[in-house]
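Data block below; observations after.
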Amino acid sequence: MRKNGILFALFISIVLVLAACGTGSEKANSDGDGKKKLRVVTDAAYAPFEYMDKDKIIGFDVDIFTAAAEEAGYDFEIVNVGWDPLFAELENGTADVGLSAITINDDRLKSYDFSVPYFESTNKILAPEGTDIKKAADLTDKTVAVQSGTTGADAVDALLGNGNEKVKKFENNNLAILEMKNQGADAVVADNAVLEAYAKNNPQENFIVIEDKEGFESEYYGFMFPKDSEMEADLSKGLNAIFDNGKYAEIYKEWFGQDPDIENLKA
Ligand code: ARG
């Protein structure tokens, strides 16, 4: 009798699981109001913007995207595919959005669309304490580690010359920093907030962050889309909504401990 009861319970559980799987796959690509579930791709090796906390992708970008997508009524999943694959996925249309502290620039605008800007950034230099590097131009006779395909890599290529073997390029920024830690490079060039967070969170490394306002341009991050994506307008609207309703400022303060300059982003 008891055995039958258990078998019956098992049978019911299997039926329920199968039913759940069925509706799951039907709904995989759209939510209730017919909007597509977005595949958002990232390179989660860029704290504090996107990074792994155990098996979870977290960061400022994740919180901002979540808030903007909620405003726009999109369901989504964020997948850690890596930097180069992110561009490839948007190019061949297997992903809907690139979310990765991605700088809006003319080169990328040829192949992709961007949302309105949501963060201002600039490249800076990370180097061991006691370095004689004071500005970008001092990098010309140094070995510099960068993440390949970034604006930091472009800036260093421009300074040292394309193809210069003293520019060491890595698949992600953490590997570039590791190279310097292992004394394979004199400096790393990357986005200021990333280098500042690294130096602050790893005081035992004795790295300093060097700013050069003349040497590096001001940049703006956007969500990146395949060309002519219909979602761009919705998510830009979502961003504008969180600029206006205080949500953006709240998230910014959580991650950076200060108020954002939203007017500068909108300008
Ligand atoms: N902002 C720079 C760029 O767009 C670096 C971004 C790198 N992002 C990342 N998640 N690894 O080129």
Side-chain angles (χ1 to χ4, degrees), residues 39-53 56-66 76 78-91 95 97-126 136 144-159 162 167-180 187-199 201 209 211-213 215-226 239 252 255-256 264-265:
R39 177 176 167 86
V40 181
V41 286
T42 192
D43 169 33
Y46 217 58
F49 296 101
E50 44 270 325
Y51 60 103
M52 299 308 298
D53 181 27
K56 241 182 116 178
I57 306 170
I58 63 166
F60 173 79
D61 281 356
V62 174
D63 289 352
I64 292 296
F65 187 83
T66 301
F76 62 89
I78 303 181
V79 190
N80 183 20
V81 299
W83 183 247
D84 287 343
L86 176 163
F87 288 82
E89 282 217 30
L90 289 191
E91 192 117 16
V97 190
L99 176 72
S100 230
I102 307 173
T103 299
I104 306 168
N105 65 22
D106 289 343
D107 201 35
R108 291 172 184 161
L109 279 166
K110 285 183 208 147
S111 317
Y112 308 96
D113 283 349
F114 281 91
S115 67
V116 294
Y118 68 89
F119 191 85
E120 185 184 5
S121 174
T122 184
N123 277 294
K124 286 192 183 175
I125 304 163
L126 184 73
V144 188
V146 291
Q147 179 180 11
S148 65
T150 59
T151 56
D154 290 346
V156 174
D157 277 343
L159 284 162
N162 265 325
V167 185
K168 293 190 175 175
K169 295 184 177 166
F170 296 88
E171 187 182 314
N172 71 52
N173 195 59
N174 292 338
L175 293 174
I177 295 177
L178 190 63
E179 182 70 6
M180 181 166 73
V188 169
V189 172
D191 293 351
N192 59 327
V194 171
L195 299 185
E196 274 147 16
Y198 187 87
N201 296 332
V209 178
E211 174 176 36
D212 180 351
K213 283 195 170 143
F216 299 115
E217 283 169 14
S218 172
E219 304 181 3
Y220 292 89
Y221 298 165
F223 305 151
M224 195 168 85
F225 302 87
L239 276 173
Y252 189 101
W255 286 98
F256 300 108
N264 170 50
L265 288 177

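The structure presented is a predicted model; accordingly, all values stated were derived computationally and were not measured. Order of appearance sets the numbers: ligands from 1, and atoms from 1 within every ligand.
D212 meets the salt bridge (Lys or Arg N to Asp or Glu O under 4.0 Å) test with no other residue; sequence neighbours excluded. Applying the side-chain hydrogen bond (donor to acceptor under 3.5 Å, both in side chains) rule to T103 yields the partners E219; only residues at least two apart in sequence or on another chain are considered.
A perpendicular orientation is assigned to the rings of F223 and F225, their planes being inclined by more than 60° (bins at 30° and 60°).
Among residue pairs with one or both ends in residues 98-108, those qualifying as salt bridge (charged side-chain N to carboxylate O under 4.0 Å, His left out) are D107-K110; sequence neighbours excluded.
Here the shortest heavy-atom pairing between A136 and G215 reads CB-CA, 4.1 Å.
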Item to complete: Determine, stepwise, if the pair F256 / F119 fulfils ring-ring contact (aromatic ring centres under 6.0 Å, His included).
Response: CA-CA 12 Å; F256 300 108; F119 191 85; 5.3 Å; yes

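Protein residues with a heavy atom closer than 4.0 Å to ligand 1 are D43, Y46, E50, W83, S100, A101, I102, T103, R108, Q147, T150, T151, D191, Y221, listed by chain and number.
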